[in-house]
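Both backbone and side-chain heavy atoms feed into the values below; hydrogens, waters and symmetry mates do not.
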Number of protein chains: 2
Amino acid sequence: MDPHGAHPSSKPLLETLTARLRNMAHRLTTPRRDILDALRRGAHPMSHRQIHSALRGSCDLATVYRSVHLLESAGLVQRFDLGDGVRRYELLGEDGHGHHHHLVCRRCDRVVELLECFAPELEQRVASQSGYSGVTHRLEFFGTCPACQSA
Amino acid sequence: MDPHGAHPSSKPLLETLTARLRNMAHRLTTPRRDILDALRRGAHPMSHRQIHSALRGSCDLATVYRSVHLLESAGLVQRFDLGDGVRRYELLGEDGHGHHHHLVCRRCDRVVELLECFAPELEQRVASQSGYSGVTHRLEFFGTCPACQSA
DNA sequence: CACCACCTGCAAATCGTTTGCATTTTTTCC
DNA sequence: GGAAAAAATGCAAACGATTTGCAGGTGGTG
Ligand SMILES: [Mn+2]
Ligand SMILES: [Mn+2]
Ligand SMILES: [Zn+2]
Ligand SMILES: [Zn+2]
């Protein structure tokens with residue numbers, strides 16, 4: 001595994017993403033297309049602020065918040081919570097394909113993308129034992145990266 | 001499993017907790033003792049605000065924030081992030097004993113305490129594959145509780 | 001019981017995020 | 001292509017959680 005590696009999976013075409021958005025009966029606006037494109041280029045989860053800077057001010061920060069909300073409810077992006085109070089987002093494949101987790105350095109915030117998801121069978125067990133339905137999970141790892149260990 | 005069940009493990013004595021705090025070279029103040037006691041009584045992770053109300057205003061909310069910080073760095077409490085922007089805390093046993101996870105209803109926020117922790121072997125694997133050290137994890141489950149399913 | 005380092009209350013500041021409203025865009029339909 | 005309706009944006013103000021500065025209060029030690 002490459003410690004700095006980004007998503008190895010082929011990135012979806014921007015055209016594919018905008019099509020998905022329109023299929024959900026939403027308008028395709030310039031900010032939304034640009035946000036999707038920024039996320040497509042990003043190797044790791046991006047905060048609203050990071051997305052906004054990647055857009056170089058082409059739209060307002062409030063619009064980034066509103067658009068990301070929409071993309072999330074449309075199932076195009078997934079939210080990640082890496083422990084600081086900041087929400088981060090990544091593109092999500094159709095039907096939830098592309099679900100995965102991260103390993104974050106406590107010192108320098110370096111992120112490793114973890115390709116496998118371990119927990120689906122756990123979801124099953126948790127669901128059947130509790131009676132809850134539609135069980136999902138959120139899992140992130142934390143540690144000290146090689147660089148920060150020697151420093 | 002009891003869907004509403006709280007921690008089944010025996011609760012530590014307040015005296016034990018205050019001793020642990022003092023061993024870390026920290027003062028035992030009234031707010032700190034009261035906060036430990038509130039957490040000891042709580043069945044689920046508590047937010048700063050919940051702790052503060054449990055104290056019935058006996059100390060300031062800012063003091064709750066500062067004290068919980070201290071308790072966290074002293075290893076007496078563990079932080080949980082249940083998806084809303086609010087941090088919650090539970091007592092943690094010595095040497096990290098008592099680590100566990102939760103299942104939260106997306107509709108009514110009902111919390112189920114999950115007794116087992118599945119991920120230590122995953123930590124191992126993640127650590128050896130990435131070169132990170134001191135790997136820990138954060139894992140929570142979300143779903144719809146039986147009551148909210150019928151509603 | 002006095003001292004001092006540490007802690008607390010209070011209020012203001014900070015930070016991420018949300019929202020109201022007037023204006024601009026997108027889409028639909030001629 | 002252009003007009004009209006519906007929806008999205010920009011801007012600034014509001015918000016809720018958390019942090020912080022400072023002046024006064026307290027715990028633990030000798
Ligand atoms: Mn990722
Ligand atoms: Mn718990
Ligand atoms: Zn690092
Ligand atoms: Zn519920």
Side-chain angles (χ1 to χ4, degrees), chain A residues 14-15 17-39 45-74 76-89 109, chain B residues 14-15 17-39 45-74 76-89 109:
Chain A
L14 181 54
E15 185 178 281
L17 294 170
T18 58
R20 284 177 65 194
L21 182 60
R22 267 202 274 246
N23 287 344
M24 303 291 282
H26 291 296
R27 294 189 176 179
L28 175 61
T29 65
T30 313
R32 290 175 187 173
R33 184 185 30 251
D34 291 352
I35 288 169
L36 283 171
D37 199 37
L39 289 169
M46 298 176 77
S47 67
H48 297 94
R49 186 172 302 279
Q50 287 176 315
I51 296 170
H52 183 245
S53 340
L55 267 47
R56 282 208 223 69
S58 83
C59 81
D60 193 79
L61 183 56
T63 299
V64 174
Y65 275 97
R66 282 189 278 228
S67 299
V68 169
H69 264 145
L70 184 105
L71 295 176
E72 187 178 14
S73 63
L76 282 163
V77 306
Q78 177 175 1
R79 175 155 72 95
F80 292 95
D81 206 326
L82 267 35
D84 53 356
V86 183
R87 298 174 181 177
R88 292 161 202 273
Y89 298 84
D109 296 326
Chain B
L14 181 54
E15 186 178 281
L17 295 169
T18 59
R20 284 176 65 193
L21 183 59
R22 267 202 275 246
N23 286 343
M24 303 291 280
H26 290 298
R27 292 189 178 174
L28 175 60
T29 65
T30 313
R32 289 175 188 174
R33 179 174 353 89
D34 291 352
I35 289 169
L36 284 172
D37 200 35
L39 288 168
M46 297 176 77
S47 67
H48 297 94
R49 185 172 301 279
Q50 288 176 314
I51 295 170
H52 182 245
S53 340
L55 267 45
R56 280 206 231 73
S58 83
C59 82
D60 194 78
L61 182 57
T63 299
V64 175
Y65 276 98
R66 284 189 277 229
S67 300
V68 169
H69 265 145
L70 184 105
L71 296 176
E72 186 178 14
S73 62
L76 282 163
V77 306
Q78 177 175 2
R79 175 155 71 95
F80 291 96
D81 206 326
L82 267 37
D84 54 355
V86 184
R87 299 174 181 176
R88 293 161 204 271
Y89 298 84
D109 296 327

Contact summary for [X] and [Y], nearest pair of heavy atoms:
X	Y	value
A54(A)	M46(A)	CB-CE, 4.2 Å
R88(B)	P45(B)	CB-CB, 3.5 Å
L70(B)	L21(B)	CD2-CD1, 3.8 Å
R79(A)	G83(B)	NH2-O, 3.2 Å

Can you tell me the distance, in whole Å, between the [atom1] atom of [X] and the [atom2] atom of [N]?
X	N	atom1	atom2	answer
R87(B)	dG16(C)	CZ	P	12 Å
H69(B)	dA17(D)	NE2	P	15 Å
D84(A)	dA17(D)	CG	P	18 Å
L28(B)	dA5(C)	CG	C1'	16 Å
H26(A)	dT9(D)	NE2	C1'	16 Å
H52(B)	dT18(D)	NE2	C1'	14 Å
R22(A)	dT26(C)	CZ	C1'	10 Å
H48(A)	dT18(C)	NE2	C1'	11 Å

For this session: Enumerate the residues from residues 57-66 of chain B whose closest heavy atom to DNA chain D is under 4.0 Å, giving them by residue number; use none for an empty result.
Result: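 Heavy-atom contacts with DNA chain D come from A62(B), Y65(B), R66(B).
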Problem set entry | Any V64(A) side-chain heavy atom under 4.5 Å of C59(A) side chain |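 Touching, per the 4.5 Å side-chain cut-off.
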For this session: Among the candidates dG16(C), dT8(C), dT18(D), find the nucleotide nearest to the side-chain atoms of T29(B).
Result: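 Ranking dG16(C), dT8(C), dT18(D) by closest atom to the T29(B) side chain puts dT8(C) first.
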For this session: Mind telling me whether Y65(A) and H48(A) have parallel, tilted or perpendicular rings, with 30° and 60° as the class edges?
Result: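 Rings of H48(A) and Y65(A): parallel, under 30°.
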Exercise. Checking all strands, does T30(A) fall into the base, sugar-phosphate, or nothing category for heavy-atom contacts under 4.0 angstrom?
Worked result: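 Result for T30(A) = sugar-phosphate.
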Exercise. What do the steps show when you test T30(A) against R33(A) for side-chain contact (heavy atoms from CB on, under 4.5 Å), and what is the final call?
Worked result: CA-CA 5 Å; T30(A) 313; R33(A) 184 185 30 251; 4.2 Å; yes
Exercise. DNA chain D: R49(B) or R27(B), which has the more 5' nearest nucleotide?
Worked result: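 The 5'-side residue here is R49(B).
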